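Reading through the structure tokens given below for one structure.
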Amino acid sequence: MNGQNRKDIYPGLEVEIILKKDQRSGKRTRGIVKDLLTSSSFHSRGIKVRLEDGQIGRVIEIVEE
């Protein structure tokens, strides 16, 4: 599932994000959502989140169990 809709993302969810510095390479970072930083309900490039380890990026994919 992609990370464009805010309603699909919540604290504690495991996601793959792309960090600002990795946008050109497309390298993904996996982690657990701590905070949602995008206030709008939809964002075409992905909802911006802060992971529990402090990294900030846009959600590319929600990890399905």
Side-chain angles (χ1 to χ4, degrees):
M1 184 183 304
N2 68 27
Q4 295 179 324
N5 293 308
R6 192 174 198 275
K7 66 178 174 54
D8 297 334
I9 302 167
Y10 51 88
L13 186 67
E14 186 175 6
V15 295
E16 286 190 345
I17 66 168
I18 190 157
L19 304 172
K20 184 80 169 175
K21 67 182 175 79
D22 295 329
Q23 282 179 342
R24 293 174 73 101
S25 67
K27 178 177 171 270
R28 294 177 175 200
T29 303
R30 187 176 284 211
I32 306 294
V33 175
K34 180 179 180 185
D35 302 308
L36 280 74
L37 303 177
T38 299
S39 58
S40 63
S41 62
F42 176 85
H43 195 285
S44 60
R45 291 190 308 273
I47 299 298
K48 190 178 280 188
V49 297
R50 177 181 295 116
L51 299 181
E52 287 183 341
D53 64 4
Q55 297 186 91
I56 295 174
R58 295 199 180 272
V59 177
I60 299 300
E61 190 171 341
I62 296 171
V63 178
E64 305 282 342
E65 296 304 320

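Nothing here was measured: the structure is a model prediction, and the numbers come from that model.
For Tyr10, the side-chain contact (heavy atoms from CB on, under 4.5 Å) partners at least two apart in sequence or on another chain are Leu13. Arg28 pairs by the side-chain hydrogen bond (donor to acceptor under 3.5 Å, both in side chains) definition with Glu16, Glu61, not counting sequence neighbours. The side-chain hydrogen bond (donor to acceptor under 3.5 Å, both in side chains) test applied to Asp22 returns no partner, not counting sequence neighbours.
For Thr38 (side chain) and Ser40 (main-chain N/O), no donor-acceptor pair under 3.5 Å exists by modelled atom type. Of the possible donor and acceptor atoms, none in the side chain of Ser41 sits under 3.5 Å from a partner among the backbone N and O of Arg6.
Side-chain atoms of Lys48 and His43, non-hydrogen and from C-beta on, never get closer than 4.5 Å to each other. A 4.5 Å side-chain heavy-atom check between Pro11 and Ile32 finds every atom pair outside the cut-off. Here the side chains of Val49 and Ile17 are in contact, with some heavy-atom distance below 4.5 Å.
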Would you list the atom pairs, donor with acceptor, under 3.5 Å between side chains in residues 50-60 and any protein atom, with sequence neighbours excluded?
{"from": "Arg50", "atom 1": "NH1", "to": "Asp35", "atom 2": "OD2", "distance (Å)": "2.8"}
{"from": "Asp53", "atom 1": "OD1", "to": "Gln55", "atom 2": "N", "distance (Å)": "3.2"}
{"from": "Asp53", "atom 1": "OD2", "to": "Gln55", "atom 2": "NE2", "distance (Å)": "2.8"}
{"from": "Arg58", "atom 1": "NH1", "to": "Gly46", "atom 2": "O", "distance (Å)": "2.9"}

Q: Apply side chain to side chain contact (heavy atoms under 4.5 Å, CB included) to the pair Ile18 and Lys27, showing each step before the final yes or no.
A: CA-CA 6 Å; Ile18 190 157; Lys27 178 177 171 270; over 6 Å; no

Q: Before giving the answer on side chain to side chain contact (heavy atoms under 4.5 Å, CB included), spell out for Ile62 and Asp8 the whole-Å C-alpha distance, their side-chain angles and the decisive distance to 0.1 Å.
A: CA-CA 9 Å; Ile62 296 171; Asp8 297 334; 3.9 Å; yes

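The shortest non-hydrogen separation linking Ile47 to Phe42 is CD1-C, 4.3 Å.
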